[in-house]
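For reference, the structure is listed below as structure tokens.
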Amino acid sequence: MVSKCLSFHPHPYAHLSFPFSTSNNPKPSLFPTSLSFSATKSTKAPFPRPKPLLLRRRCSIFSPMAATNTPADLQPHDGFDPDPTLINDDLKPTTPSQRSFSGWEMASLWVGLVVGVPSYYLAGSLVDLGMAWWQGIATVVAANIILLLPLVLTGHPGTRYGISFPVLARSSFGIRGAHIPTLLRALVGCGWYGIETWICGDAIFLLLPKVIKESSMSKSLPWLGASPLEFACFMVFWVAQLSFVWKGMDGIRVLEKYSAPILILLTSSLVIWAYVQAGGFSHMLSLSSRLSSSEFWSLFFPSLTANISFWAPVALNIPDFTRYAKSQKDQIIGQAGLPIFMGVFTFVGLAVTSSTKVIFGRVISNPIQLLGQIGGLSTIILSIFGISLATITTNVAANVVAPANALVNLSPSMFTFRRGALLTALLGIAFQPWRLLQSSESFVYTWLVGYSALLGPIGGIVLADYYLVQQTNLGIKDLYSLSPYGAYYYTGGYNLAAMASLVFGILAVIPGFLHKVGILSTVPDAFVVIYNNAWFFSFFSAGFLYWLLSSLTRKKNLVNADPLLPTEN
């Protein structure tokens with residue numbers, strides 16, 4: 001029995017020694033400083049390899065979770081200290097004790113993300129633009145089924161190695177080059193943070209008593225683009241969110257877990273109200289399509305792209321969450337709920353939006369305006385609570401974690417998660433989200449489709465690198481090293497193949513974007529088609545080009561060589 005609980009079993013991250021601490025209460029290091037491990041294979045050892053440490057472990061080391069968290073191809077090397085400019089407590093690989101997200105908690109995360117005003121507004125916009133309710137649901141579900149594959153694939157390295165997206169990006173873009181994709185993702189997150197916050201601030205404003213909304217403070221200022229009262233409501237909610245952001249990932253996990261059932265209950269209540277007022281589902285879903293066959297297909301593809309783009313930011317930085325998952329099974333099961341949750345909530349949004357035509361005589365796609373029409377003090381209080389909860393659960397998880405981690409990766413000595421989150425919130429104001437939400441078309445086809453041209457190629461490059469080039473084997477040591485001999489140092493810390501592929505994926509979409517926003521009056525039809533399918537084109541074209549360039553260059557430079565050590569002459 002004793003022999004079963006003793007094992008010559010190296011810690012999966014024993015190679016990382018952290019002689020410093022960024023926390024106020026430093027804890028003893030869990031990592032021995034005398035060993036280093038790398039996933040890179042070598043045919044010979046230039047120096048004797050130290051014997052594995054004898055660790056007294058619990059019998060649970062033989063469990064599937066322990067096996068999942070310990071890559072089998074890690075090999076011992078000489079002692080290694082990570083470069084202090086590449087690591088702090090927020091960038092370290094997660095330890096087994098930190099991996100507490102079960103499949104239900106991962107699914108709860110998606111419930112909190114899905115149930116929100118933007119998801120409802122996106123669904124309602126499809127009806128507003130002429131689709132029938134079933135066409136809208138089919139479009140949304142198809143988009144989320146397509147997106148599920150890159151979500152699960154990108155989540156794999158997070159669970160296997162315990163690393164966040166900024167650290168994973170170092171493998172494909174280079175130690176220094178990783179700042180480019182992470183900061184692009186951060187900018188999109190900052191924009192979304194501002195949009196979500198403005199939506200909730202606008203909800204507070206619209207649900208205020210009529211006498212307050214008709215005061216002089218409600219008059220829009222041309223230079224601001226909004227009224228002082230609207231902006232004040234925006235700032236009130238902006239400040240309120242920071243209390244949740246300040247608690248970090250543990251606070252986010254608890255918030256999402258316990259908010260999910262409340263949000264499901266409130267959403268169900270809204271459906272029941274619409275059902276009773278409209279006189280049944282037959283009246284709720286009576287709106288037919290206003291589009292001809294050709295008009296539908298011309299709307300379908302940009303709408304499909306917009307719905308994919310809706311979750312493309314989270315699909316890119318999903319390792320920030322899956323690094324806390326207990327196992328690959330938990331992260332896959334948890335994420336498999338996305339198409340289901342999105343389909344159900346889309347049905348709610350489309351059904352309730354369609355019912356407004358019967359109840360009020362006009363289509364109301366904005367849920368905040370709808371709640372204002374319902375009226376009643378109890379409805380107002382419940383509506384503000386529900387919208388606030390839905391906004392916080394979406395905003396904190398989807399739009400704070402990625403920008404905060406990107407800033408930490410940019411300068412670990414300057415930024416912590418909290419400081420990065422605070423700067424994210426400040427940049428959210430600078431995006432002036434009230435201008436992005438002027439119409440359904442500007443929100444869906446300018447904002448959503450537009451930024452997919454930035455995130456699509458990043459996702460394609462990261463997946464092509466991890467699965468086709470690296471074949472899922474990462475040298476954790478080299479992800480934290482600035483050594484010129486490191487596997488991910490490339491050319492001065494930048495992977496030129498990734499940079500070229502990123503530029504190629506973005507440039508092809510720019511003419512169509514400039515035409516959409518009115519800067520170019522006419523462009524060839526091919527560029528319009530590319531823009532309407534921006535995520536698809538940029539994702540696959542950039543990923544394929546990166547794989548091709550990497551195949552041509554890495555064969556010549558790295559075959560029969562250990563990238564952790566100087567190449568022998």
Side-chain angles (χ1 to χ4, degrees), residues 146-147 149-150 153-154 165-166 168-188 191 301-302 304-306 308-309 312-313 315-317 402 406 445-471 488-517 519-520 522-558:
I146 292 170
L147 188 63
L149 182 61
L153 292 178
T154 310
F165 169 66
L168 174 63
R170 295 172 185 175
S171 168
S172 51
F173 286 86
I175 295 297
R176 293 192 175 101
H179 295 313
I180 295 174
T182 54
L183 289 177
L184 288 175
R185 167 63 182 94
L187 284 175
V188 174
F301 287 106
L304 185 71
T305 301
I308 291 175
S309 303
L316 196 61
N317 74 287
Y445 301 123
T446 302
W447 168 245
L448 290 178
V449 179
Y451 75 62
S452 70
L454 299 177
L455 304 187
I458 296 173
I461 292 167
V462 168
L463 289 181
D465 177 76
Y466 182 68
Y467 287 97
L468 301 180
V469 178
Q470 308 292 345
Q471 297 184 353
Y488 312 118
Y489 191 76
Y490 298 105
T491 304
Y494 296 87
N495 186 355
L496 300 183
M499 299 303 165
S501 303
L502 178 63
V503 171
F504 176 80
I506 294 174
L507 283 180
V509 183
I510 290 179
F513 174 77
L514 296 178
H515 174 67
K516 189 66 181 179
V517 298
I519 296 177
L520 295 179
T522 57
V523 295
D525 292 340
F527 287 113
V528 175
V529 173
I530 290 174
Y531 179 75
N532 288 340
N533 298 274
W535 185 86
F536 290 97
F537 178 86
S538 60
F539 180 91
F540 288 105
S541 63
F544 176 77
L545 180 60
Y546 174 78
W547 172 76
L548 183 63
L549 294 175
S550 297
S551 299
L552 295 175
T553 57
R554 292 175 69 90
K555 284 182 180 179
K556 178 179 66 176
N557 294 333
L558 297 180

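- At least one donor-acceptor pair closer than 3.5 Å links the side chain of Arg176 to the backbone N or O of Gly492.
- Nearest heavy atoms, His515 versus Val528: CD2-CG2, 4.2 Å.
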Could you walk me through whether Thr154 and Leu463 satisfy the side-chain contact (heavy atoms from CB on, under 4.5 Å) test, starting with their C-alpha distance in whole Å, then the side-chain angles of each, then the deciding distance to 0.1 Å, before giving a yes or no?
CA-CA 7 Å; Thr154 310; Leu463 289 181; 3.4 Å; yes
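- Here the shortest heavy-atom pairing between Ala464 and Gly543 reads CB-O, 3.6 Å.
- Expressed to the nearest 0.5 Å, how far OG of Ser501 lies from CD1 of Ile458 amounts to 12.0 Å.
- The distance from atom CG of Asp465 to atom CG of Leu168, rounded to the nearest 0.5 Å, is 8.0 Å.
- The CG atom of Leu187 lies 8.5 Å from the CG atom of Leu454; values are rounded to the nearest 0.5 Å.
- Under the 30°/60° scheme for interplanar angles, the aromatic rings of Trp535 and Phe539 are found to lie parallel.
- No more than 12 heavy atoms of other residues, nucleotides or ligands sit less than 6.0 Å from atom CZ of Phe527.
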Take Asn532 and Val449 through the test side-chain contact (heavy atoms from CB on, under 4.5 Å) and record every step on the way to the result.
CA-CA 7 Å; Asn532 288 340; Val449 179; 5.8 Å; no
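- Atom-to-atom distance recorded for Ile510:CD1 and Leu514:CG is 7.0 Å, nearest 0.5 angstrom.
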How far apart are the C-alpha atoms of Phe301 and Val529, what are their side-chain angles, what is the distance that settles it, and do they pass the side-chain contact (heavy atoms from CB on, under 4.5 Å) test?
CA-CA 9 Å; Phe301 287 106; Val529 173; over 6 Å; no
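- The closest donor-acceptor contact from the side chain of Ser550 to the backbone of Trp547 lies at 3.5 Å or more, if one exists at all.
- Taking a 6.0 Å sphere around CZ of Phe536, one finds it holds more than 12 heavy atoms contributed by other residues, nucleotides or ligands.
- Interatomic distance, CG of Asn495 versus OH of Tyr489, reported as 13.5 Å (0.5 Å rounding).
- Note that the CD1 atom of Ile461 and the OG atom of Ser172 stand 7.0 Å from one another [nearest 0.5 Å].
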